[in-house]
Amino acid sequence: MIDDELVAGVEEAIRKAVAGEIMPRWRQLAKHEVVEKAGPHDLVTVADQRAEEQLTVSLSALLPGSVVVGEETVHDDPGSYEALLGDAPVWIVDPVDGTRQFVRGEDGFCTLVTLARHGELLASWTFAPARELLATARLGGGAELNGVPIHSGSPEPGKTLEVACSHPDFTDEDQKRALLGLRTEGVAPRPCGSAGLEYLAVATGAVDATAFSWEKAWDHAAGLLLVTEAGGAQGTVAGKPFSIAGGNALPFSAARDEATLRRILGLLAGGH
């Protein structure tokens, strides 16, 4: 299903959507082009909407019979999320991951696209246009950043672990208690920015782990494949791999290596 021609076609589709719908609006958004969804930290812009519309058309054409599960489409039609459980190949799309940063005119945002089938992540693309970064991963084929293989490696012994965590506004009381488990010697938790860019940082070894308490597939699918193909590991506090279809025990983590993952999950479980 995934050959070099498809990979190149997806990259072209992403770059075209970003160049046409997202970057012309970066630092140029009018007030009426930004709308709150669930609250002040959950925003959507005309750039998100139009880029997703374009990607839905182009990605579906690249792989006949495939379907798209996009953040903005699911907001309008929650039932479309169930396609993740179906038999058809699924494109999981987050047109602007890090919308708050995008709205503020910062460069910490990216476009995320993942191809999955039967819940298995097959290929992913993480494109941060303002930083000129494109990270890709293929199941069993490794991970690359701007065409160069990347490896997450392992933290240096005794190093304080930097962990990107769910923003407090997106956690319930149980999850807040779990995340408090990271407030211990040798661990430095901080609120995350764009989830896609935090995963990229783990995949390159710039950040040691994530600890997230929400499970929408468009935020996590691309990054989870990127981290695991770079040599990292992922799992939930229940000791099971994270499922993109949902129903996970939360929080969950992705980390540079298996030992770091076990440590973070142990601290999260102890915080409950």
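Only heavy atoms go into these numbers, but all of them, side chains included; no hydrogens, no water, no symmetry mates.
Of the possible donor and acceptor atoms, one in the side chain of Glu52 sits under 3.5 Å from a partner among the backbone N and O of Thr73. A donor-acceptor pair under 3.5 Å links the side-chain atoms of Arg27 to the main chain of Gly105, judged by distance alone. Counting only distance, with no hydrogens or angles, the side chain of Ser166 and the backbone of Ser213 share a donor-acceptor pair below 3.5 Å. Side-chain atoms of Arg138 never come within 3.5 Å of backbone atoms of Leu122 as a donor-acceptor pair (strictly under, hydrogens ignored). The closest donor-acceptor contact from the side chain of Ser253 to the backbone of Thr210 lies under 3.5 Å. Looking at Glu71, its side chain never comes within 3.5 Å of a backbone N or O of Pro95 through a donor-acceptor pair. At distances below 3.5 Å, at least one donor-acceptor pair connects side-chain atoms of Asn146 with backbone N or O atoms of Leu134. The main-chain N or O of Ala203 is never found under 3.5 Å from a side-chain atom of Ser152 such that the two would form a donor-acceptor pair. Within the 3.5 Å criterion, the main-chain N or O of Glu162 finds a donor-acceptor partner in the side chain of Asp208. With Asp48 contributing its side chain and Thr45 its backbone, the two residues share a donor-acceptor pair below 3.5 Å.
Between Lys16 and Glu12, no side-chain nitrogen of the basic residue sits less than 4.0 Å from a carboxylate oxygen of the acidic one, so the salt-bridge criterion is not met.
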Let's go through Val10 and Leu59 carefully: what are the C-alpha distance in whole Å and the side-chain angles of both, what is the deciding distance for side-chain contact (heavy atoms from CB on, under 4.5 Å) to 0.1 Å, and is it a yes or a no?
CA-CA 7 Å; Val10 175; Leu59 295 174; 4.0 Å; yes

Could you walk me through whether Arg15 and Glu11 pass salt bridge (charged side-chain N to carboxylate O under 4.0 Å, His left out), step by step?
CA-CA 6 Å; Arg15 289 185 180 277; Glu11 178 179 340; 3.0 Å; yes

Does Leu55 form a side-chain contact (heavy atoms from CB on, under 4.5 Å) with Thr111? I'd like the steps, not just the answer.
CA-CA 11 Å; Leu55 284 167; Thr111 298; 4.2 Å; yes

Run the side-chain contact (heavy atoms from CB on, under 4.5 Å) check on Glu72 and Glu53 step by step: do they pass?
CA-CA 9 Å; Glu72 307 315 326; Glu53 290 169 0; over 6 Å; no

After noting the C-alpha distance and the side-chain angles of Leu161 and Ile264, does the key distance pass the side-chain contact (heavy atoms from CB on, under 4.5 Å) rule?
CA-CA 9 Å; Leu161 300 177; Ile264 298 302; 4.3 Å; yes

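For the pair Cys192 and Phe212, the minimum side-chain heavy-atom distance is below 4.5 Å.
Taken from CH2 in Trp91 to OG1 in Thr114, the straight-line distance is 9.5 Å, to the nearest 0.5 Å. Between the CZ atom in Phe242 and the OG1 atom in Thr228 there is a gap of 12.5 Å [rounded to 0.5 Å]. Rounding to the nearest 0.5 Å gives a distance of 8.5 Å between CD of Gln49 and NE2 of His75. The line from CD of Gln101 to CZ of Phe109 is 10.0 Å long, rounded to the nearest 0.5 Å. Summarising the geometry, atom NZ belonging to Lys240 is positioned 16.0 Å from atom CZ belonging to Phe252; distances are rounded to the nearest 0.5 Å. Rounding to the nearest 0.5 Å places CH2 of Trp26 at 10.0 Å from CD of Glu106.
Between Asn248 and Glu215, the shortest heavy-atom distance links the atoms ND2-OE1, 2.8 Å. In plain terms, the two heavy atoms of Leu224 and Ala254 that are nearest each other are CD2-CB, 4.0 Å. Nearest heavy atom pair, residue Leu115 against residue Pro89, reads CD1-CB, 4.1 Å. Taking all atoms of both residues into account, the shortest heavy-atom contact from Val113 to Ala222 is O-CB, 4.2 Å. Minimum heavy-atom separation, Thr236 to Ala249: CB-O, 3.3 Å. The two residues Pro155 and Arg256 have their closest heavy-atom pair at CA-NH1, 3.6 Å.
One hydrophobic cluster holds both Trp125 and Leu6 under the rule that ILVMFWY side chains link at heavy-atom gaps under 4.5 Å. Hydrophobic clustering (ILVMFWY, side-chain heavy atoms < 4.5 Å, transitive): Leu139 and Leu112 are in distinct clusters.
In terms of the side chain to side chain donor-acceptor pair (under 3.5 Å) criterion, residue partners of Thr171 (sequence neighbours excluded) are, by chain and number, Lys176.
Grouped with Ile150 in one hydrophobic cluster are Leu133, Leu145, Leu197, Leu200, Leu226, the linkage being side-chain heavy-atom contacts under 4.5 Å among Ile, Leu, Val, Met, Phe, Trp and Tyr residues.
Taking the centre and axis of the six-membered ring of Tyr81, the NZ or CZ atom of Lys216 falls inside the cone set by 45° and 6.0 Å.
Counted within 6.0 Å of NZ on Lys159, heavy atoms from surrounding residues, nucleotides or ligands total more than 12; the atom is thus considered enclosed. More than 12 heavy-atom neighbours from other residues, nucleotides or ligands sit within 6.0 angstrom of CZ on Arg190.
Below 30°, between 30° and 60°, or above 60°: for His220 and Trp214 the angle between ring planes is between 30° and 60°, a tilted geometry.
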